[in-house]
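A note on names: the letters A, B, ... follow the listed sequences, proteins ahead of strands, and every chain is numbered from 1. On a predicted model such as this, the values are computed, not experimentally measured, just so you know. All values below come from the heavy atoms of this structure, side chains included, with hydrogens, waters and symmetry mates left out.
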Amino acid sequence: MKSQTIEKPKFWLFKSEPSAFSIDHLARSAKKTAPWDGVRNYQARNSLRDDVQVGDFVFFYHSREEPLGIFGTMQIVRAGYPDFTAFDPKSKYYDPKSDPDNPRWYMVDVKLVEKFPEPVTRDKLASDDIARSMLVMKRGMRLSIQPVTQEEWNAVQQLAKVEA
DNA sequence: GCCAACGTTGGC
DNA sequence: GCCAACGTTGGC
C-alpha cells in the first residue's frame, strides 16, 4: 500500500478585520486574487510557510466588526513565499528584523471562490453541533490562520445554504 | 469602548 | 531560562 502518498485536501480559516481587508476587497481585486499579507504571528507563519498548499480551501472570516462570521470561501493559488510588505518601510506591516535573505514572514495568494448570500455568523455557528466546536469559536483564540476539518467544512457549507 | 486572554519582549 | 511588563486581539 502506498496510500500515504495520497494528498489529503486541506481546509483552513483565515481571519481578517474587514476594515483592513474584507471579502469585498478580495472580490474587487484583479482576478479576484490577492496576497494574504501582514500575518505577524509565528504559529500562523508556520502554517503559511509549511502547510498551506495550492488547491487548499479556505473560509474567509471577518473579525472585530459586526457581523462576525464566515463570509465565503477561497482557494489557495500560490503557496508560501516571503511577505514583501515586511521589507517596505512605508508598509504598516514593515518589520526591520525580517531579512530579505532570511525572511521572517510568509504569505500565500488566495482567490475568491464564493461569497455566501448571507454570512454564517457566530450565532449560526454556535447553533450547529459540529461548527460549534471549531477553533474560531473558542474563547481567547487569536490565531489568524486556523486548520478546519472536513466535517467542519461540510457543516459550514450546509449552514451557508440555510435561509438566514 | 471595555477588558480578558494571549503572544512577545527584555531585564535579570 | 524565568517571568513581569507590555502591546495586541477580538468577542462582547
Side-chain angles (χ1 to χ4, degrees), chain A residues 10-29 34-52 56-74 76 80-110 112-149 151-153 155-160 162-164:
Chain A
K10 293 216 204 83
F11 305 96
W12 306 92
L13 179 147
F14 290 4
K15 279 194 287 202
S16 180
E17 292 187 33
S19 61
F21 189 74
S22 71
I23 196 163
D24 291 324
H25 286 120
L26 181 58
R28 289 194 298 267
S29 301
W36 198 270
D37 59 15
V39 172
R40 296 293 180 266
N41 166 280
Y42 287 103
Q43 193 179 347
R45 185 280 309 270
N46 292 346
S47 292
L48 292 179
R49 189 188 56 192
D50 304 331
D51 299 327
V52 174
D56 286 359
F57 291 98
V58 186
F59 286 134
F60 198 131
Y61 180 89
H62 283 190
S63 65
R64 221 43 172 105
E65 292 169 37
E66 296 287 343
L68 302 171
I70 296 169
F71 278 67
T73 59
M74 310 180 273
I76 302 298
Y81 63 105
D83 183 340
F84 50 74
T85 65
F87 311 135
D88 177 3
K90 292 192 289 289
S91 169
K92 64 176 167 173
Y93 300 126
Y94 178 55
D95 180 359
K97 289 185 234 155
S98 187
D99 176 358
D101 291 329
N102 185 19
R104 178 177 292 202
W105 305 116
Y106 280 73
M107 59 188 179
V108 297
D109 287 354
V110 293
L112 182 66
V113 172
E114 176 192 15
K115 182 184 175 185
F116 294 149
E118 298 289 338
V120 179
T121 61
R122 289 184 71 84
D123 285 350
K124 289 184 205 167
L125 293 171
S127 73
D128 183 86
D129 281 344
I130 293 170
R132 178 160 52 223
S133 60
M134 292 174 75
L135 277 178
V136 72
M137 298 300 285
K138 295 206 181 340
R139 188 150 187 274
M141 167 50 69
R142 290 164 46 168
L143 190 61
S144 64
I145 304 292
Q146 301 179 4
V148 168
T149 68
E151 290 72 27
E152 290 163 350
W153 181 269
V156 173
Q157 294 280 11
Q158 281 305 118
L159 291 170
V162 177
E163 316 244 331

* Could you pick out which residue, A:Arg104 or A:Arg139, lies toward the 5' side of DNA chain B when each is mapped onto its nearest nucleotide? => A:Arg139
* Structure fact -> Once base and sugar-phosphate atoms are separated, protein heavy atoms under 4.0 Å mark nucleotides 2-10 of chain C, 5' to 3', with B, S and - as -----BBSB
* To do: Please check if the side chain of A:Asp37 supplies one atom and the backbone of A:Phe84 the other of a donor-acceptor pair under 3.5 Å.
  => no
* **Spatial distance of atom CD1 (A:Ile76) from atom CZ (A:Phe14) [nearest 0.5 Å]** => 4.0 Å
* Can a donor-acceptor pair be found between the side chains of A:Arg40 and A:Thr85 at a distance below 3.5 Å? -> yes
* To do: Using the test side chain to side chain donor-acceptor pair (under 3.5 Å), find all partners of A:Tyr81 that sit at least two apart in sequence or belong to another chain.
  => A:Asp109
* Asked: Are A:Trp105 and A:Tyr42 near enough that their ring centres are under 6.0 Å apart?
  -> yes
* To do: Have a look at the helix from B:dG1-C:dC12 to B:dC12-C:dG1 and give the angle its two end axes make, five pairs each, rounded to 10 degrees.
  => 10°
* More than 12 heavy atoms of other residues, nucleotides or ligands under 6.0 Å from CD of A:Glu65: is that the case? -> yes
* Asked: Contact class for A:Lys97 (heavy atom, under 4.0 Å): base, sugar-phosphate, or nothing?
  -> sugar-phosphate
* Under 3.5 Å, is there a donor-acceptor pair linking the side chains of A:Asp24 and A:Ser22? -> no
* Check for a donor-acceptor pair, side chain of A:Lys15 on one end and backbone N or O of A:Leu143 on the other, with a separation under 3.5 Å. => yes
